[in-house]
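In what follows, every chain begins at residue 1, and chains take the letters A, B, ... in the order their sequences are listed.
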Protein chains: 2
Amino acid sequence: MNKPASSDGTVGKALETLDMVAELGRPVRFTELLAMSPHPKATLYRLLQTLTNQGMLAYDEARQTYSPGLRLVRLAHFAWRQSSLAPIARPHLDALAAAVGETVHLAQMDRGQVLYVDKRNAVDPIEMFSQAGKVGPGYCTGVGKAIMAHLEGEARQNAINQQAFFRHTNTTLTTTEALEAELDEIRSEGVAFDREEHEPGIICIAAPILTEGGRVLGALSVTTSTSRQSLEQLSDLRPKVQSTAIKIAETAEVWQFPT
Amino acid sequence: MNKPASSDGTVGKALETLDMVAELGRPVRFTELLAMSPHPKATLYRLLQTLTNQGMLAYDEARQTYSPGLRLVRLAHFAWRQSSLAPIARPHLDALAAAVGETVHLAQMDRGQVLYVDKRNAVDPIEMFSQAGKVGPGYCTGVGKAIMAHLEGEARQNAINQQAFFRHTNTTLTTTEALEAELDEIRSEGVAFDREEHEPGIICIAAPILTEGGRVLGALSVTTSTSRQSLEQLSDLRPKVQSTAIKIAETAEVWQFPT
DNA sequence: GGAAATGGTTTCATTATTTGAAACATATGT
DNA sequence: ACATATGTTTCAAATAATGAAACCATTTCC
């Protein structure tokens, strides 16, 4: 009886494998996967075959490499429409972006990481390179902290435990204690700031999107660089950011968005 | 020994179930799924549990409903970047859209259906998975026919066999014979037209994206309405559409896009 | 040219997971 | 309280997954 980290039978293993391929972000050969996989050759081979049959992976005959398959794009379309805040938040994000003229992000939490579900880029007519679907760390982004600050009890501990606490810059919070203190602060403050904790020169203000009952659905942020605005200037945007968050929450409530 | 359509063991069943939930496009209750599922109660129950654990489905406690989960969005991000033509085609689509001032679609084939992987809308800018990830029929869209026309032998028959041949309008092709004749025509012509076959008043011109070796990677189209342009006017765009298709193919070749 | 290595695929007896009818819970309505 | 609809758990039987090893096909090295 051995415990392979965490998995739901064969399906779990298959999906873990799919993740491995996807997160590499480039075509991979069988052998390379074998090296990082916990499974023996034959098992991995069949997992990959199954995933390929199913269109979850694409196999390039010529190069003998695997990549994530297009079936995922199709499935994600539905997920994005139904389970993300993006469709609901759209007009509000548009308005906010127009008003502040800076980059605006909309994010939700997915297994301890921040998942960006929509974005407005002030200047260029959209960096269409799929920002939706990108993931980022929770402990050193404005949206991540804003969301975590409003998680309760177990969910919060869970999220905190999943953080990597890698020191990206010298302001990055690198301990659970520091993060917890910051989250309490954010909770009472109502907004979160990213003080160059993820990337030097990049700062943001973020507000949680909270339901009537206090459940956190996601967060949104306005991001800028220290060369353009100071933290103080950013914090002047608080009313706009918060009211946008509230409007999104209200719209979600009307639409009966699942929590 | 019974043959449940087509499946790869447990993983196949799980993914089929995931598809079912996703394609309904709205939250579903257990019982509703049970009705359409080939599996007994307990089996379906556990499949759903597994998928939920894995983040492929989201379960709304309050409403007791399942929806596609956000993990899909995250996975699809990678799929879209790696396995779709969209990143490669981006500048070319931009240019074409600017030149023609009409809606431009980029599509690939996924299991007999047209999968739109990018879009330019003359007016409003795009949101990621709202357009990308959408699927449409193959037999009555310009892109669908353009792609199928350049599939060879078995692949082509396969694609044809997967068509539903539902009569959307009175110009819709509703038999394999009619479609095959049309595909031959398209192949020799080089471009495909949608003559209001899918929606009344909507017409388009589409060109296949072909590799050096004649393999079809996808197709792109310019869509308009009969109130704005006639078929004849649309066909004047042929040079622009075709040269864009060629440029995309060349870029794909340089980038070693997997076929 | 031949040997060895590399990378991918298949076999098959063993083992573990999945299965599903039925019993059990837990609401929701009468 | 009763009935009904819906969701969850049990457990022996059926099935599918496993993985060591053999196999096949290329490429690389001597």
Side-chain angles (χ1 to χ4, degrees), chain A residues 1-21 24 26-69 213 256 258-259, chain B residues 1-21 24 26-69 83 256 258-259:
Chain A
M1 190 215 276
N2 64 358
K3 185 170 146 255
S6 74
S7 93
D8 303 88
T10 315
V11 178
K13 285 170 207 157
L15 294 177
E16 266 166 39
T17 305
L18 178 59
D19 259 349
M20 271 186 15
V21 176
L24 277 171
R26 58 179 166 76
V28 254
R29 289 185 95 88
F30 177 84
T31 312
E32 193 178 353
L33 284 173
L34 184 56
M36 42 185 120
S37 162
H39 308 293
K41 221 178 176 187
T43 302
L44 178 64
Y45 176 72
R46 281 170 309 215
L47 285 175
L48 291 172
Q49 273 210 152
T50 302
L51 288 167
T52 304
N53 281 341
Q54 294 291 332
M56 305 296 280
L57 286 180
Y59 183 61
D60 182 346
E61 296 264 352
R63 269 170 273 281
Q64 297 184 141
T65 55
Y66 295 90
S67 310
Q256 300 221 19
T259 55
Chain B
M1 190 214 278
N2 63 358
K3 186 171 144 253
S6 75
S7 91
D8 303 90
T10 314
V11 178
K13 286 170 207 157
L15 294 178
E16 265 167 38
T17 304
L18 179 58
D19 259 349
M20 271 186 15
V21 176
L24 278 171
R26 59 180 166 79
V28 253
R29 291 185 96 89
F30 177 84
T31 312
E32 193 178 354
L33 284 173
L34 183 57
M36 42 185 121
S37 163
H39 308 294
K41 221 178 177 188
T43 301
L44 178 65
Y45 176 71
R46 280 169 311 215
L47 284 175
L48 292 172
Q49 274 210 151
T50 302
L51 289 168
T52 305
N53 282 340
Q54 294 291 332
M56 305 297 280
L57 286 181
Y59 183 61
D60 182 346
E61 297 264 353
R63 269 170 274 281
Q64 295 185 141
T65 55
Y66 295 90
S67 311
S83 301
Q256 302 219 18
T259 55

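Checked against A:Leu48 for a side chain to side chain contact (heavy atoms under 4.5 Å, CB included), the options A:Asn53, A:Leu34, A:Leu33, A:Leu18 give a single hit: A:Leu33.
Atom CG in A:Leu44 sits 6.5 Å away from atom CE in A:Met20 (nearest 0.5 Å). The CG atom of A:Leu51 sits 7.0 Å away from the CG atom of B:Leu15 when rounded to the nearest 0.5 Å. With rounding to the nearest 0.5 angstrom, the OG1 atom of A:Thr31 is 10.5 Å from the CE atom of A:Met36.
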Strictly under 3.5 Å: I want the nitrogen or oxygen pairs between protein and nucleotides 26-30 of chain C, one per line.
none

Could you go over nucleotides 18-22 of chain D and give all protein N or O partners under 3.5 Å, atom names and distances?
from: D:dT18; atom 1: OP1; to: A:Lys13; atom 2: NZ; distance (Å): 2.8
from: D:dG19; atom 1: OP2; to: A:Thr43; atom 2: OG1; distance (Å): 3.4
from: D:dG19; atom 1: N7; to: A:Arg46; atom 2: NH2; distance (Å): 2.8
from: D:dG19; atom 1: O6; to: A:Arg46; atom 2: NH1; distance (Å): 2.8

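Both A:Val11 and A:Glu32 sit near DNA chain C, but only A:Glu32 has its closest nucleotide nearer the 5' end.
Here the side chain of B:Tyr45 is nearest to one of C:dG7, D:dT8, D:dG7, namely D:dT8.
As rounded to whole Å, 12 Å separates atom P of C:dG8 from atom CG of A:Asp60. Taking atom CZ of residue B:Phe30 and atom P of nucleotide C:dA25, one finds them 18 Å apart after rounding to whole Å. For the pair B:Arg29 CZ and D:dT6 P, the interatomic distance rounds to 8 Å; values are reported in whole Å. Distance, A:Arg63 CZ to C:dG8 P: 14 Å, rounded to whole Å. Atom pair A:Gln49:CD and C:dT10:P shows a separation of 6 Å (rounding to whole Å applied). What separates CG of B:Leu48 from C1' of D:dT9 is a distance of 16 Å, to the nearest Å. One interatomic measurement links the two molecules: CG of B:Asp8 to P of D:dA17, which rounds to 9 Å at whole-angstrom precision. One can place CD of B:Glu61 at 13 Å from P of D:dG7, the figure rounded to the nearest angstrom.
Considering only side-chain N and O atoms, A:Gln64 lies under 4.0 angstrom from the phosphate OP1 or OP2 of C:dG8. Taking only side-chain nitrogens and oxygens, A:Thr31 never comes nearer than 4.0 Å to OP1 or OP2 of C:dT6.
A donor-acceptor contact shorter than 3.5 Å is absent between the side chain of B:Ser83 and the backbone of A:Gly69.
Residues satisfying the side-chain contact (heavy atoms from CB on, under 4.5 Å) criterion with A:Thr52, sequence neighbours excluded, are A:Leu57, A:Tyr59, A:Tyr66.
End-to-end axis angle of the helix from C:dG1-D:dC30 to C:dT30-D:dA1, using five pairs per end and rounding to 10°, comes to 30°.
Residue pairs that meet the side-chain hydrogen bond (donor to acceptor under 3.5 Å, both in side chains) test with at least one member in residues 36-47 of chain A, sequence neighbours left out, are A:Tyr45-A:Gln49. Legend: salt bridge (charged side-chain N to carboxylate O under 4.0 Å, His left out) pairs involving residues 28-39 of chain B, not counting sequence neighbours, sorted by first then second residue: B:Arg26-B:Glu32.
Across A:Val11 and B:Ala14, no two heavy atoms sit closer than the pair CG2-CB, 3.8 Å.
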